[in-house]
Amino acid sequence: PGTARRNVAMGYDNQNVKPDYIATVTHGLLGLSMAQAEAAYAQAIAEAGSPFELHDWTAGDGSHKKGILTHISKKRSEVIRKIEGLKFIPNEQIPDMHAFAGVDNYVSFLTKRSLCYTEIARELNVTKPRGVALLGPPGTGKTEVAKATAKYMGLDLVVFDISSMFNSHVGQSEKNMRKALATIDALHSCVLLVDEIDKAFSGALNANDSGVSSRILGLFLSWMSSR
C-alpha cells in the first residue's frame, strides 16, 4: 500500500496531492498487482481526460463523463474475473434490493450487526460477526441476499466458486485455491459469497482423489479461522 500511494502521487507530476485523493485511489486499486495497478491508474487518467475527476460528472454540453474510479473499477473487475473461481461485482453495479421479499427484515439484522464494526465496538473488544450461513434450495434468493448485503454495506461483492478450484494436474488445485484466497485478501474489504460450499466439500474426507479434496478443505478452513 505504501508503494502504491507513492506511485499514485507520482502520477500527479509532482503537483500537490491531497492525502484523501491518494487514499481513495489506492483503495480502488486493491486486489491488483503493482504492475496492474499502475497500468489501470494510467489508463483511467487517459480515459477520464484528467487526474482530478475521481467521480462521474456531467460536462457543459450535458454529456455524461466517467471518472477515474469508474474506469479503475472496470479494469479491476476484468483482472479479478480472470482468477479461477472468482466473480467480481462492483458495488455500483448492484441494483437496490428494496423490492426483494423479506429484505427489510434482513437489513434490520444487518443494521444491528454492523454496529460491531464501529470504532466504539473495537474499543470495547466486541467480537465481529464471522458471516452468515445462507441455506435453501437453488433459486430461493441466496445470491440476491449476498448482493443486498454488499449494497447495504457499500462494499463490492466477490462470488467464490470453490468447485472450480479442482484441477486434474498435480498440485494445480492447491495453487488455484491459494491464488484465489490471496486475491480476496488483497481486496482488503468486500462481501464474499462462497457459493455452494456444501457441494464442493461433500465427501471431501472420503474422496478418492489422492487427498486433494481434504487439502483444499484444510486450506479453506485454515484461511477462515484467521479471519
Any [X] side-chain heavy atom under 4.5 Å of [Y] side chain:
X: Phe88; Y: Val79; answer: no
X: Tyr21; Y: Ile68; answer: yes
X: Lys147; Y: Ile89; answer: yes
X: Lys151; Y: Leu157; answer: no
X: Leu193; Y: Val158; answer: no
X: Leu86; Y: Val159; answer: no
X: Met165; Y: Glu84; answer: yes
X: His71; Y: Gln43; answer: no

Locate the shortest heavy-atom distance separating [X] from [Y]; write the atom from each residue and the value.
X: Leu115; Y: Thr118; value: O-OG1, 2.8 Å
X: Ala150; Y: Val191; value: CA-CG2, 3.6 Å
X: Gly85; Y: Ser164; value: CA-OG, 3.0 Å

Are Met153 and Val126 co-members of a hydrophobic cluster defined by side-chain heavy atoms under 4.5 Å apart?
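No; Met153 is not reachable from Val126 via cluster members.
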
Walk me through it: do Lys87 and Asp195 pass the test salt bridge (Lys or Arg N to Asp or Glu O under 4.0 Å)?
CA-CA 11 Å; Lys87 180 181 180 182; Asp195 202 17; over 6 Å; no

Test item: [X] side-chain N/O and [Y] main-chain N/O as donor-acceptor pair under 3.5 Å:
X: Thr70; Y: Lys66; result: no
X: Lys142; Y: Gly136; result: yes
X: Asp156; Y: Asn91; result: yes
X: Ser73; Y: Leu69; result: no
X: Ser222; Y: Leu219; result: no

With side-chain contact (heavy atoms from CB on, under 4.5 Å) as the criterion, how do Ser173 and Met177 come out once you've worked through the C-alpha distance, each side chain's angles and the decisive distance to 0.1 Å?
CA-CA 6 Å; Ser173 300; Met177 189 68 170; over 6 Å; no

Spacing of [atom1] belonging to [X] relative to [atom2] belonging to [Y], to within rounding of 0.5 Å:
X: Ile80; Y: Thr183; atom1: CD1; atom2: OG1; value: 7.0 Å
X: Phe160; Y: Ile83; atom1: CZ; atom2: CD1; value: 11.0 Å
X: Leu134; Y: Thr149; atom1: CG; atom2: OG1; value: 7.0 Å
X: Phe220; Y: Leu181; atom1: CZ; atom2: CG; value: 7.5 Å
X: Lys179; Y: Ile184; atom1: NZ; atom2: CD1; value: 13.0 Å

Would you say CG of Leu221 has more than 12 non-hydrogen atoms from neighbouring residues, nucleotides or ligands within 6.0 angstrom?
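Yes.
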
Before you tell me yes or no, could you show the steps for Met34 and Glu38 under side-chain contact (heavy atoms from CB on, under 4.5 Å), namely the whole-Å CA-CA distance, both residues' side-chain angles and the distance that decides it to 0.1 Å?
CA-CA 6 Å; Met34 184 57 64; Glu38 291 175 347; 3.8 Å; yes

Would you tell me whether Ser163 and Glu196 have side-chain atoms, one donor and one acceptor, within less than 3.5 Å of each other?
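Note: Ser163 and Glu196 side chains miss the donor-acceptor criterion.
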
